[in-house]
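A short worksheet on the structure shown next.
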Amino acid sequence: MTLPFFPPDLFDEDRAELLDIVRRVGLAAEQKFILGDQTARFEAAIRDSVDAADAIACGSGTSALTLVLRAMGVGDGDEVIVPAFGCAPLAAAPASLGATPVFADIDPRSMVVDPDTVARLVTSRTKVIMPAHMFSVMADMPALRRITSGAGVRLLEDSAVAQGGTLAGTPAGRWGDAGVYSFVQVKTFGMPGEGGMVVTDDPELASAVRMLRNHGQDGKNRFLYHRVGYNSRFDEIMAAFQLHRFPGLPGRLARRARIGEYYTERFADLAGCGVLAPPPAKDGRCYYVYSLLAERRDELRAHLAARGIGSHVYYPAPLPRQPAFARYTRPSDTWPAADLAARRTLAIPIYPHLTDEQVERIADAVCEFAKES
Ligand SMILES: *Cc1c(COP(=O)(O)O)cnc(C)c1O
């Protein structure tokens with residue numbers, strides 16, 4: 001039996017409810033399909049779950065990042081420090097506003113941005129530091145917070161993959177001046193569609209994001225545009241579906257954590273055989289993706305595939321090596337840890353409905369590979 005990396009049955013248990021929601025929203029008298037009561041209730045649920053002053057639902061995690069950067073005043077000539085290893089929105093969001101993404105190298109083991117490198121990259125043009133939690137480890141938010149408070153720089157916490165994680169008692173998304181979650185299918189609170197959420201205690205940021213997500217309108221005066229905005233609104237069917245799924249999220253996250261902790265235990269002694277697991281810890285973990293660092297990554301991938309186990313490479317190249325973002329770098333810049341991670345990283349399945357037997361089979365296959373070599 002094969003174990004795909006991306007399971008095709010993520011929403012099977014909720015299929016009847018999804019169809020019912022489509023009927024309910026679709027047949028309701030008010031015919032409201034975006035930014036209605038369901039969205040408002042979903043915002044309140046997320047806001048209260050992390051004890052934030054406000055939560056604003058947006059069209060995607062990417063656009064949530066862009067809206068917060070705009071609300072923070074980022075534009076031409078500004079610099080935004082982002083991780084050199086991660087996904088496109090980290091660089092594209094600042095670039096889309098005319099700002100320069102400045103790429104900071106990562107910690108070679110945890111693969112999150114290295115705070116010492118970030119501190120060295122701060123200049124008089126730095127407007128925002130935008131770390132991202134990666135795979136299963138939260139970024140070093142206390143260290144990053146110290147850098148931004150000393151420098152008068154704002155902190156935007158990309159928690160797209162870390163909703164439900166906590167570090168030193170503070171939830172992911174709540175360390176920054178604003179935090180962002182993503183609900184795209186593959187994320188831990190994914191849904192069958194596109195969506196994101198901004199959480200913040202800052203009323204000015206909140207109202208700016210609220211305005212920007214709907215063409216610069218204030219929610220009261222229709223067709224009065226205070227600012228050049230965006231279309232980044234939230235879908236009522238998705239909001240109702242997420243409200244239905246929200247009570248189950250802690251259980252699914254706990255199951256992911258159990259699987260992740262089991263892997264880390266099983267792989268603890270493989271470092272000498274060229275397979276490195278994430279650093280063990282309970283605090284500051286968010287099990288979105290379980291990424292190993294393997295010296296012979298492609299061979300490990302083939303070994304798993306031969307045993308019917310899917311795996312995935314996040315990410316095959318650092319952001320500053322991408323054609324789209326190379327123009328934001330200087331020839332003397334280097335990111336050795338990000339380069340190494342791109343060559344070695346391999347993610348194995350960790351979705352919550354894996355059975356114990358399946359998890360064991362995956363761990364066995366990795367151990368077998370490491371010990372045979
Ligand atoms: C997924 C992701 C995003 C973007 O979220 P979308 O909802 O897909 O736009 C941003 N940052 C990180 C770190 C992500 O993993």
Side-chain angles (χ1 to χ4, degrees), residues 6 8-50 52 54-68 70-71 87-89 92-93 96 158-164 173 178-200 206-220 222-223 225 229-249 252 288:
F6 294 107
D9 54 353
L10 269 180
F11 304 118
D12 276 12
E13 277 183 26
D14 302 297
R15 187 166 290 163
E17 181 66 22
L18 177 58
L19 292 172
D20 192 49
I21 289 169
V22 171
R23 283 185 66 81
R24 270 193 344 252
V25 175
L27 296 175
E30 67 264 29
Q31 291 293 284
K32 184 94 179 157
F33 298 108
I34 49 158
L35 299 186
D37 287 348
Q38 299 297 325
T39 301
R41 284 182 52 214
F42 183 43
E43 289 176 331
I46 298 291
R47 180 193 71 207
D48 295 346
S49 75
V50 292
D54 208 348
I56 306 101
C58 299
S60 69
T62 302
S63 98
L65 292 175
T66 309
L67 266 48
V68 176
R70 261 288 297 284
C87 58
S96 72
D158 182 346
S159 302
V161 309
Q163 194 180 351
V180 162
Y181 306 125
S182 163
F183 310 122
V184 75
Q185 187 166 356
V186 293
K187 301 292 159 76
T188 48
F189 192 28
M191 62 188 194
E194 295 273 15
M197 187 79 73
V198 174
V199 289
T200 183
S207 76
V209 168
R210 222 170 257 289
M211 196 173 264
L212 289 167
R213 78 168 167 184
N214 195 8
H215 299 301
Q217 299 169 102
D218 56 25
K220 294 180 205 83
R222 199 151 178 213
F223 302 133
Y225 309 114
Y230 300 81
N231 174 359
S232 179
R233 301 177 297 222
F234 206 85
D235 185 297
E236 285 285 283
I237 290 172
M238 288 300 123
F241 187 67
Q242 289 302 75
L243 281 166
H244 164 72
R245 299 244 308 163
F246 198 38
L249 180 61
R252 294 193 296 275
Y288 160 58

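Since we're looking at a predicted model, the values are computed, not measured.
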SB check E43 R213 (cutoff 4.0 Å)
yes
Ignoring hydrogens and angles, write down the donor-acceptor pairs under 3.5 Å from the side chains of residues 54-61, residues two or more places apart or on other chains.
unit_1, atom_1, unit_2, atom_2, d
D54, OD1, R210, NH2, 2.8
S60, OG, T62, N, 3.4
S60, OG, S63, N, 3.0

Output for pair (K32 NZ, I34 CD1), nearest 0.5 Å, gives 6.5 Å
Could you check, using the six-membered ring where one of them is a Trp, whether F189 and Y181 have ring centers closer than 6.0 angstrom?
no
Which distance, rounded to the nearest 0.5 Å, do you find between the CD of Q163 and the NZ of K187?
11.0 Å
Scan side-chain atoms only and decide if D14 and H244 contain a donor-acceptor pair under the 3.5 Å cut-off.
yes
Give the C-alpha distance, both sets of side-chain angles, the deciding distance and a yes or no for side-chain contact (heavy atoms from CB on, under 4.5 Å) between M211 and D218.
CA-CA 5 Å; M211 196 173 264; D218 56 25; 3.8 Å; yes
For N214 and L35, run side-chain contact (heavy atoms from CB on, under 4.5 Å): C-alpha distance rounded to whole Å, both residues' side-chain angles, the deciding distance at 0.1 Å, then the answer.
CA-CA 9 Å; N214 195 8; L35 299 186; 3.9 Å; yes
Please determine if R15 and D12 form a salt bridge, counting it only when a charged side-chain N lies under 4.0 Å from a carboxylate O.
yes
Go through it in stages, so that I can follow the logic: the residues are Q38 and F241, the test is side-chain contact (heavy atoms from CB on, under 4.5 Å), and I'd like the CA-CA distance, side-chain angles, deciding distance and then a yes or no.
CA-CA 9 Å; Q38 299 297 325; F241 187 67; over 6 Å; no
Between F183 and F42, does the ring centre distance come in under 6.0 Å?
yes
Give me the ring orientation class for Y225 and F223: parallel if the planes are under 30° apart, tilted from 30 to 60°, perpendicular past 60°.
perpendicular
Under 3.5 Å donor-acceptor, Q31 side chain and G26 backbone
yes
Per side chain to side chain contact (heavy atoms under 4.5 Å, CB included), I46 is matched among Q242, R41, M197 by M197
Ionic contact status for R245 with E13, cut-off 4.0 Å
no
Run the side-chain contact (heavy atoms from CB on, under 4.5 Å) test on V180 and V68 for me, step by step, so that the C-alpha distance in whole Å, both residues' side-chain angles and the decisive distance to 0.1 Å come before the verdict.
CA-CA 9 Å; V180 162; V68 176; 4.3 Å; yes
With rounding to the nearest 0.5 Å, note down the distance linking CD1 in I237 to CZ in F33.
6.5 Å
T39 and E236: side-chain donor and acceptor closer than 3.5 Å?
yes
